[in-house]
Amino acid sequence: MAELISGKAISKEIKAEVKREVEALKVKGVTPALATILVGEDEASKVYIGQKVKTCEKLGISSVHHKLSKDVTEKELLDLVEKLNDDPEIHGILCQLPLPKNLNADKILLAISPDKDVDGFHLLNMGKLLSKKSMREIEESGMYLPCTPHGIIQLLRRTNTSIKGKNAVIVGRSNIVGKPVGLLLMAENATITVCHSGTNDLPSVIKQADILVAAIGKPKFVTADMVKEGAVVIDVGVNRLPEGLCGDVDFEAVKEKAKAITPVPGGVGPMTIAMLMVNTVKAAKKLNNIK
Ligand code: GUN
């Protein structure tokens, strides 16, 4: 029976660290501030933004929320981003994805100042991640790491899961999770395989994983027969079924085979929010030249 990797508990530790940093920054006259943008009425996005705003409040980070109609024009949204870029009181800017189809998400993300890009989605930050070879180089560059992939690395590190030399299989190739978590695991010296819906014989590829990251967006897609005995399983999926939330992994069956596994909810989700708080504090320091 697998050990449970509690993102809830580990994120609590990280948030306590962030809270102490926020208090120290306030003594220096700096209150970290995050601007959030939500366009339209996507129910899941509303929940995520609500959690982010609430967490800011708990940690003493100031947050300013901008709720825009789904009919907002690209120009109006770009004008808002520009205003936030120029506002010295705002350190981090987050535009919740997905955006309505009439808006070009790539263009909006590119408009956010790379110094305020606490999601790590700007091409400059993505490019930096691609160009660095080791975790040390990445950390020393002062760049923003995307929150979910960074949260996954923290889950592994803080449970003393060894990564070096391991086969890490990532199921899903999104820009938000699959690709960047692959790069981070490679920087941690794992041998990575990024597989996806077009992969031939996906089950046999998944079976090679010592560390398995499931981020394919299909409920209970990874079944016990696909998982190697003793694997560490990180489930990024958040799927809403009539009976409740479930991940991309068939948790009940896979927990009998894995060495360790994240639950859904209470696994990766809280880590994403914690790492956003880490990035917001980093942004406040960067923009105020505080080491
Ligand atoms: N949509 C799903 N995950 C994320 C995230 O981490 N950041 C933003 N901005 N949108 C998302």
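We number each residue from 1, following the sequence as shown. As the structure lists them, so they are numbered: ligands from 1, and atoms in each ligand from 1.
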Quiz item: For N125, which of D117, D119, D115 qualifies under side chain to side chain donor-acceptor pair (under 3.5 Å)?
Solution: D117

Quiz prompt | Pairing of E188 and K166 as salt bridge, 4.0 angstrom limit | solution = no

Quiz prompt | Candidates L287, L34, L84, L94 - the one meeting side-chain contact (heavy atoms from CB on, under 4.5 Å) with K116 | solution = L287

Quiz item: What do you reckon, does C147 have a nitrogen or oxygen under 3.5 Å from a nitrogen or oxygen of ligand 1?
Solution: no

Self-check item: ligand 1 N/O within reach of L97 N/O, cut-off under 3.5 Å
Solution: yes

Quiz item: Which residue supplies the protein heavy atom nearest to atom 4 (C) of ligand 1, what is that atom called, and how far is it?
Solution: Q96 NE2, 4.1 Å

Self-check item: C95 and ligand 1 - part of the residue with a heavy-atom distance under 4.0 Å
Solution: backbone

Practice problem: Looking only at protein heavy atoms, identify the closest one to atom 9 (N) of ligand 1 and say how far it is in Å. | Solution: D119 OD2, 2.6 Å

Practice problem: For E3, look at atom CD and say whether over 12 heavy atoms of other residues, nucleotides or ligands are found less than 6.0 Å away. | Solution: no

Quiz prompt | L123 backbone acceptor or donor facing K128 side chain under 3.5 Å | solution = no

Quiz item: Should Y48 be listed as contacting ligand 1, given a heavy-atom distance under 4.0 Å as the test?
Solution: no

